[in-house]
Protein chains: 2
Amino acid sequence: MPGAQLPVSSYAVLGLLSQSEASGYELAQQVDGAIANFWPMSKSNIYGELVRLEELAFVSGSEVAQEKLPTKRVFRLTSAGAAALDEWLREPTFRKERRKNSLLVKMLFGDRLSAEEVSRLVDAAGVEAEAERARLATIVTMLESVPSAYFARSTALFGLRHAEATLAWAAEMRRDAAARARTRSSSLN
Amino acid sequence: MPGAQLPVSSYAVLGLLSQSEASGYELAQQVDGAIANFWPMSKSNIYGELVRLEELAFVSGSEVAQEKLPTKRVFRLTSAGAAALDEWLREPTFRKERRKNSLLVKMLFGDRLSAEEVSRLVDAAGVEAEAERARLATIVTMLESVPSAYFARSTALFGLRHAEATLAWAAEMRRDAAARARTRSSSLN
DNA sequence: TTTGACATGTAAGCCGTTACATGATTTA
DNA sequence: TAAATCATGTAACGGCTTACATGTCAAA
């Protein structure tokens, strides 16, 4: 009876709690810092997961009073939670995530647009990808010198390579569009 | 009053209907053929969209009786539907799709795994990416010779470049893991 | 004095999935 | 005779989002 399958968000929370105990509020901050790049979670989502995980006894929360600040509930991973996390981490069979990409939906129906409008879409995607590329390149370089951030760096590197792929694609699209414009205008003459 | 924002799935259906009228059943088949790579939709999803789009008068359905086959409802795009589609297609501001990737969640917590277990994850991702690469490379090449499939090819090319990016990343991870194993064993001596 | 950080949650609702339900016809 | 294709949908539910609700304290 291997653990009931939980949403990935559950394991993301378990993973964070495996590094250090935290309140829901603190988890939300941590998510924005690291995981959000490839697994965004809203505040409500996190609080909801904590309820679920506590019912499963995968985490246990205890109130911690603070001076001059509201009392918070700090959660820590239980051994059952750690076992569930590790089991999931080892599964190489990540259910195939269908990557949804509305840019490609637009591209597919590019026939309905003018060449200029298509270019605008491609350029916008390129600009976005370049920003992402620069952002991730910085992070990857920074983490290079931090041995303990080996795995964090690897996730950023994945994003970097994919941003580069998008840029390469955009460049190819621009070249193709130019070539297309030539053959089309010549066939019109 | 630019159109109320509909889910991307609505526009995907409108896009397909802009190419030819079709029944829900036929749309489901078309989705599996092309769009599913970057915007999968279930049968129920499609039927649901058709209900919504018909209420909005973006499509209109009419029953078509068939010999020896069940009657079907064939939908065609209305001019209002075409306008809504084109407006959406032109928007270069695709709301940022959070690309969710559970592999990266696992990688981020790679510290909890042994080097072998991490390798297994990376290898599995590599195998999957290679299959995807090969599949898409074939499609891109095939569509190369079909001028009318220009945009379909461009979507496949995007997927191809991203599969290559994943492969490149996996290769880097393997190299890093090897280097890491060396420095770690030497520091243990 | 108002804004922002700290802190926790509920409510409503959308998008989408899987499973279920039905029924004729064709093919193996 | 069983399975697949054609054809349309409903039901139930899961995951997640946004907006709402509340309240203290520190800083600008």
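Note on naming: letters A, B, ... go to the chains in the order of the sequence lines (proteins, then strands), and numbering restarts at 1 for each one. Only this structure's heavy atoms are used, side chains among them; waters, hydrogens and symmetry mates stay out.
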Of the listed nucleotides [options], the one nearest the side chain of [X]:
X       : options               : answer
B/Pro7  : D/dT8, D/dC16, C/dG16 : C/dG16
B/Tyr25 : D/dC6, D/dG15, C/dA5  : D/dC6
B/Arg52 : C/dC15, D/dC16, D/dG9 : C/dC15

Going by an N to O cut-off under 4.0 Å, is there a salt bridge joining [X] and [Y]?
X        : Y        : value
A/Glu49  : A/Arg52  : yes
A/Arg135 : A/Glu132 : yes
A/Arg161 : B/Glu172 : yes

Interatomic distance where [atom1] belongs to [X] and [atom2] belongs to [N] [whole Å]:
X        : N      : atom1 : atom2 : value
A/Lys100 : D/dG15 : NZ    : P     : 16 Å
A/Leu50  : C/dT8  : CG    : C1'   : 11 Å
B/Leu53  : C/dC15 : CG    : P     : 12 Å
B/Glu49  : D/dT8  : CD    : C1'   : 16 Å
A/Glu26  : C/dC6  : CD    : C1'   : 10 Å
A/Leu27  : C/dC6  : CG    : P     : 14 Å

Item to check | Phosphate-side-chain proximity, B/Ser9 and C/dG16, N/O vs OP1/OP2 below 4.0 Å | outcome: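 Yes, such a contact exists.
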Checklist entry - With sequence neighbours left out, what residues match B/Phe75 under ring-ring contact (aromatic ring centres under 6.0 Å, His included)? => result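 B/Phe75 satisfies ring-ring contact (aromatic ring centres under 6.0 Å, His included) with no residue once adjacent residues are dropped.
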Item to check | Counterpart residues, salt bridge (charged side-chain N to carboxylate O under 4.0 Å, His left out), relative to A/Glu21 (two or more places apart) | outcome: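 Expected list: none.
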Checklist entry - If each of A/Ser10 and B/Val51 is mapped to the nucleotide of DNA chain D with the nearest heavy atom, which maps nearer the 5' terminus, i.e. the 5' end? => result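 Checking each residue's closest nucleotide, the 5'-ward one belongs to B/Val51.
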Checklist entry - Once you build an axis from the first five pairs and another from the last five of the helix from C/dT1-D/dA28 to C/dA28-D/dT1, how far apart in angle are they, to 10 degrees? => result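 The helix from C/dT1-D/dA28 to C/dA28-D/dT1 shows an end-to-end axis angle of 30°.
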Next on the checklist: Please enumerate all residues that pass side chain to side chain donor-acceptor pair (under 3.5 Å) together with A/Ser23, with sequence neighbours excluded.
Outcome noted: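 A/Ser23: side chain to side chain donor-acceptor pair (under 3.5 Å) contacts with A/Glu26.
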Checklist entry - Do you reckon A/Tyr47 sits in the same ILVMFWY cluster as A/Met41, going by side-chain contacts under 4.5 Å, direct or chained? => result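 As far as the 4.5 Å side-chain criterion goes, A/Met41 and A/Tyr47 are not connected within one cluster.
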Checklist entry - Quick one, which residues of residues 29-47 of chain A touch DNA chain C with a heavy atom under 4.0 Å? => result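 Heavy-atom cutoff 4.0 Å gives A/Gln29, A/Lys43, A/Ser44, A/Tyr47.
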Checklist entry - Quick one: does NZ or CZ of B/Arg180 land under 6.0 Å from the six-membered ring centre of A/Tyr150, within 45 degrees of the ring axis? => result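 Positive - B/Arg180 is close enough to the ring of A/Tyr150 and near enough to its axis.
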Checklist entry - Going by the ring pair (Phe, Tyr, Trp, His ring centres under 6.0 Å) test, which pairs reach into residues 112-146 of chain B, not counting sequence neighbours? => result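 Residue pairs with at least one partner in residues 112-146 of chain B: there are none.
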